Asks: 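One structure, as structure tokens, below. Some questions next.
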Amino acid sequence: MSDKIKFEVEFVIQSSPQLLYQYISTPSGLSEWFADNVNSRGEMFNFIWDGSEEQAKLLKRKSDEFVKFTWIAEEDDSFFEMRIIVDEITKDVSLFITDFAYDDEVDEAKMLWENQVSSLKQVLGSA
């Protein structure tokens, strides 16, 4: 089995970093765009899609800046991170996503993120 490769995607989002952070770091925020339902107990987050459930551990977070999770079912060092970047000059806000996928699944994973972030933009009124 080959190792997963790291990929990054960036999306410009019309939102304040503070509001965006609520949507990427809290169960209620994540439930609005990332999964059908999200529950958390401490650092453990349960993501539910169409009846299937995935558990992730919150590895790191910094208020209004980023969250970093790892999927419990994965036996490797992969993670996914959602980082808020504010352009110093234009003040544009971007959501910078780092994730891992197998070589033949990277395009599919990027499309999945595009769809998810499209939902996030609609929730934020940024679409």
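Counting from 1, the numbers follow the sequence of the chain as shown. This structure is a prediction, so every number in the text was calculated from the model and none was measured.
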Asks: Can you tell me how far the CD atom of E65 sits from the CZ atom of R83, to the nearest 0.5 Å?
Replies: 7.0 Å
Asks: Would a distance-only check, ignoring hydrogens and angles, find a side-chain to backbone donor-acceptor pair under 3.5 Å from S40 to P27?
Replies: no
Asks: Less than 4.5 Å apart, side chain to side chain, heavy atoms only: is that true for I84 and V93?
Replies: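 Contact flag for I84/V93 side chains = yes.
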Asks: Taking atom CG of D36 and atom OG of S52, what is their separation to the nearest 0.5 Å?
Replies: 8.5 Å
Asks: Would you say CE of M111 has more than 12 non-hydrogen atoms from neighbouring residues, nucleotides or ligands within 6.0 angstrom?
Replies: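 No, CE of M111 has 12 or fewer neighbouring heavy atoms, counting only those of other groups under 6.0 Å.
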Asks: Please lay out, stage by stage, how V67 and Y21 fare under the test side-chain contact (heavy atoms from CB on, under 4.5 Å).
Replies: CA-CA 8 Å; V67 290; Y21 184 76; 4.0 Å; yes
Asks: Atom CG of residue position D77 - does it have more than 12 heavy atoms of other residues, nucleotides or ligands inside 6.0 Å?
Replies: no
Asks: Examine distances only and state if a side-chain atom of T26 and a backbone atom of Q22 form a donor-acceptor pair shorter than 3.5 Å.
Replies: yes
Asks: Any link between I24 and F66 through a network of hydrophobic side chains (Ile, Leu, Val, Met, Phe, Trp, Tyr) touching at under 4.5 Å?
Replies: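 No, because I24 and F66 fall into different hydrophobic clusters, even though each may have its own neighbours under 4.5 Å.
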Asks: How far does CG of L120 sit from CE of M82, to the nearest 0.5 angstrom?
Replies: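 Output value for this atom pair is 9.0 Å.
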Asks: Is there a path from V86 to Y23 through hydrophobic residues (I, L, V, M, F, W, Y) whose side chains come within less than 4.5 Å of each other?
Replies: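 As far as the 4.5 Å side-chain criterion goes, Y23 and V86 are connected within one cluster.
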Asks: Could you tell me if the ring centre of F80 sits under 6.0 Å from that of W71?
Replies: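 Yes, they do, as the ring centres are separated by less than 6.0 Å.
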Asks: Decide yes or no on side-chain contact (heavy atoms from CB on, under 4.5 Å) for E54 and W49, but give the supporting numbers first.
Replies: CA-CA 8 Å; E54 293 280 335; W49 292 273; 3.8 Å; yes
Asks: Among F7, F11, F34, find the residue that satisfies the ring-ring contact (aromatic ring centres under 6.0 Å, His included) test when tested with W113.
Replies: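 That would be F34; it is the only one of F7, F11, F34 passing the ring-ring contact (aromatic ring centres under 6.0 Å, His included) with W113.
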Asks: When rounded to the nearest 0.5 angstrom, what distance separates NZ in K57 from NZ in K68?
Replies: 12.5 Å
Asks: Is any side-chain N of the basic residue among E74 and K4 closer than 4.0 Å to the acidic one's carboxylate O?
Replies: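 Result for this pair is yes, salt bridge flagged.
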Asks: Using the rule that Ile, Leu, Val, Met, Phe, Trp and Tyr join whenever any side-chain heavy atoms are under 4.5 Å apart, tell me whether Y102 and V9 fall into a single cluster.
Replies: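 No, Y102 does not connect to V9 through the hydrophobic network.
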Asks: With clusters defined by side-chain heavy atoms of hydrophobic residues (ILVMFWY) lying less than 4.5 Å apart, directly or transitively, does I85 cluster with I13?
Replies: no
Asks: Find out if a path of hydrophobic residues (ILVMFWY) with successive side-chain heavy-atom gaps under 4.5 Å connects L58 to I97.
Replies: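 Both belong to a single hydrophobic cluster.
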Asks: Taking S25 for its side chain and S63 for its backbone only, find out whether a donor-acceptor pair lies under 3.5 Å.
Replies: no
Asks: Applying ring pair (Phe, Tyr, Trp, His ring centres under 6.0 Å), can you list everything that pairs with F45, at least two apart in sequence or on another chain?
Replies: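 Ring pair (Phe, Tyr, Trp, His ring centres under 6.0 Å) list for F45, sorted by chain: F69.
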Asks: Can you tell me how far the CD1 atom of I48 sits from the CG atom of N46, to the nearest 0.5 Å?
Replies: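 Answer rounded to 0.5 Å: 6.0 Å.
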Asks: Go through D87 and K91 one step at a time and tell me if the side-chain contact (heavy atoms from CB on, under 4.5 Å) criterion holds.
Replies: CA-CA 5 Å; D87 185 287; K91 300 296 180 208; over 6 Å; no
Asks: If you round to the nearest 0.5 Å, how far is CD of Q14 from CG of D92?
Replies: 7.0 Å
Asks: Apart from F79 itself, what residues make up its hydrophobic cluster when side-chain heavy atoms of I, L, V, M, F, W and Y under 4.5 Å apart count as a link, directly or indirectly?
Replies: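 Its cluster mates, by chain and number, are L59, F100.
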Asks: Counting neighbours of CD on Q18 that are heavy atoms of other residues, nucleotides or ligands and sit closer than 6.0 Å, is the number greater than 12?
Replies: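 Check passes, neighbour count above 12.
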